[in-house]
Amino acid sequence: MNIKISTWNVNSLKVRLPQVLDWLREQQPNILALQETKLTDPDFPTLDIANSGYQVVFAGQKTYNGVAILSRLPASEIITDLPGIDDPQRRVLGATIGGIRVINLYVPNGQAVGSDKYAYKLAWLEALTGWLGNELVQHPRLIVLGDFNIAPEDRDVHDPAAWAGQVLCSTAERAAFQRLLGLGLTDTFRLFPQETGSFSWWDYRAAAFRRNLGLRIDHILASPVLVAVCTACQVDKAPRHLERPSDHTPVIAEFNLDSH
DNA sequence: ATGGTGGTTAGACCA
C-alpha cells in the first residue's frame, strides 16, 4: 500500500479552507498536517473536513499558531505539548495513525537573530530534540513534519549570501536541525534528485514567488524504518499559484508500506 | 526608496 503524508502551512485555515478541500480531493493524501490554522478549537471546521472524508484532530488558539492533522484513519495517543515546556502557544500535535507516529510541528519563527523570539526558538528546539529521542525509541515508524522555519543548507536558499547568518538560516538554527537528524531522522526531500531552486515558502512581498525568491523551510523527516520504504518526496507548487494563496506550499512524501 | 504583502483584528503584532 502506497501512502502519502503531507504538510502545509496554510496561514489561516479560515481563509484557505476551500483550497485545502480542493487539494485533498486532487492529491488524496492519507495524512495532511496543517500549521498556522489561526483558529480556536470551537471555530475549527470539523464538519467540512469530515464531509471530505477525513478525520481530524487539532490544537488551536486565537489569532496565532494552531496545528491540525487530517487523516483517513483515526488518530490515537494525541499530544499537544512538548513535555517539560509550559507553553500556551499551540505549535505541536502528535498522533498515532495507522501504526505511524506523526508529529506535526510549527516551529517558532524566531523573528531576528539575538531577539527574545530567537532565544525562545532555540530553547523550543532543544526541548523538542530531547523529547523526540524518546519518541524514536517508542515508535519505530515515526514521521516528524511541518513548518520548521529553518532552511537546512545553502541550497535551500535562493540567495545564500544575502541570507547568511539571518534568522531561518543561522548557524545555531542549522545546528539544531542537524541535531534532529542526529537522532536518526532523515530529510526525505533529499533522498531524491530535486530541481535546483526547490523551495516551500516565498515572502508575499516583492513578487518573491514570481521571481522564485524562496526558502525550503517545510520538511518531512522520517525514522529509518520509514526511510527504507520512502518512494518520493516533492514540493507541490500549484497552490502557491492560486488567488489569495498561503505563503507556503505543500510538501508530500510517499511510502510503500508493503515493500519491506 | 532601508520599503514591499497578508492575516487577524480594529492599532498593532506576527510572519
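Hydrogens, waters and symmetry mates play no part in the numbers below; they use all other heavy atoms, side chains included. The sequence lines fix the lettering, A, B, ..., with proteins before strands; numbering per chain opens at 1.
In this structure, A:Leu39 atom CG and B:dG7 atom P are separated by 14 Å, rounded to whole Å. Between the CG atom of A:Asn109 and the C1' atom of B:dC13 there is a distance of 12 Å, given to the nearest Å. In this structure, A:Lys62 places its NZ atom 16 Å from P of B:dC13, rounding to the nearest Å. With rounding to whole Å, A:Arg90 atom CZ is found 18 Å from B:dC14 atom P. Whole-Å rounding puts the A:Gln35 CD to B:dA15 C1' distance at 14 Å. Rounded to an integer number of Å, the gap from CG of A:Leu242 to P of B:dG6 is 14 Å. Put simply, CG on A:Asp247 is 14 Å from C1' on B:dG4, counting in whole angstrom units. Atom-to-atom, OH of A:Tyr64 to C1' of B:dA12 comes out at 7 Å; the value is rounded to the nearest Å.
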Side-chain polar contacts of residues 95-105 of chain A - donor-acceptor pairs under 3.5 angstrom, sequence neighbours left out - could you list them?
| unit_1 | atom_1 | unit_2 | atom_2 | d |
| --- | --- | --- | --- | --- |
| A:Thr96 | OG1 | A:Glu77 | OE1 | 2.8 |
| A:Thr96 | OG1 | A:Arg101 | NH1 | 3.0 |
| A:Arg101 | NE | A:Glu135 | OE1 | 2.9 |
| A:Arg101 | NH1 | A:Glu77 | O | 2.6 |
| A:Arg101 | NH2 | A:Glu77 | O | 3.2 |
| A:Asn104 | OD1 | A:Gln35 | NE2 | 2.8 |
| A:Asn104 | ND2 | A:Leu34 | O | 3.0 |
| A:Asn104 | ND2 | A:Ala68 | O | 2.9 |

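At B:dG7, one or more side-chain N or O atoms of A:Arg16 fall inside 4.0 Å of OP1 or OP2 (strictly under the cut-off). Using a 4.0 Å cut-off, some side-chain N or O of A:Ser12 falls inside it from OP1 or OP2 of B:dT8.
Annotation: A:Asp116, atom CG; neighbour count of heavy atoms from other residues, nucleotides and ligands within 6.0 Å does not exceed 12. Counted within 6.0 Å of CD on A:Gln28, heavy atoms from surrounding residues, nucleotides or ligands total more than 12; the atom is thus considered enclosed.
Rounded to a whole angstrom, the distance from the P atom of B:dA15 to that of B:dT2 is 24 Å. Atom name P, nucleotides B:dG3 and B:dG7: the rounded distance is 22 Å, in whole Å.
Remark: B:dT8 base-pairs with B:dA12. Criterion, Watson-Crick or G-U wobble with two distances under 3.5 Å. Under the Watson-Crick or G-U wobble criterion, with both distances below 3.5 Å, B:dG3 has no partner in any strand shown.
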Open item on the list: Assess the residue pair A:Tyr204 and A:Asn11 against the criterion (side-chain hydrogen bond (donor to acceptor under 3.5 Å, both in side chains)); give the C-alpha distance rounded to whole Å, side-chain angles, the decisive distance to 0.1 Å, and a yes or no.
Closed with: CA-CA 12 Å; A:Tyr204 282 123; A:Asn11 185 22; 3.1 Å; yes
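Within residues 112-126 of chain A, the residues having any heavy atom closer than 4.0 Å to DNA chain B are, in order of number, A:Lys117. Of the residues in residues 203-217 of chain A, those lying under 4.0 Å from DNA chain B by heavy-atom distance are A:Tyr204, A:Arg205.
Remark: A:Asp154 engages A:Arg174 in a salt bridge, criterion side-chain N to carboxylate O under 4.0 Å. Salt bridge A:Arg216/A:Asp187: present, at least one basic N to carboxylate O contact under 4.0 Å.
Judged purely by atom type and a 3.5 angstrom limit, A:His139 has no side-chain atom pairing as donor or acceptor with the backbone of A:Ser223.
Remark: A:Arg25 engages A:Asp22 in a side-chain hydrogen bond (donor to acceptor under 3.5 Å, both in side chains) (not counting sequence neighbours). Here A:Lys4 pairs with A:Gln27 under the side-chain hydrogen bond (donor to acceptor under 3.5 Å, both in side chains) rule; sequence neighbours left out. Residues meeting the side-chain hydrogen bond (donor to acceptor under 3.5 Å, both in side chains) test with A:Thr40, sequence neighbours left out: A:Asp43.
A residue-by-residue look at A:Pro108 and A:Thr37 shows that A:Thr37 has its nearest nucleotide of DNA chain B further toward the 5' end. If A:Gln89 and A:Val15 are placed on DNA chain B by their nearest nucleotide, the residue sitting closer to the 5' end is A:Val15.
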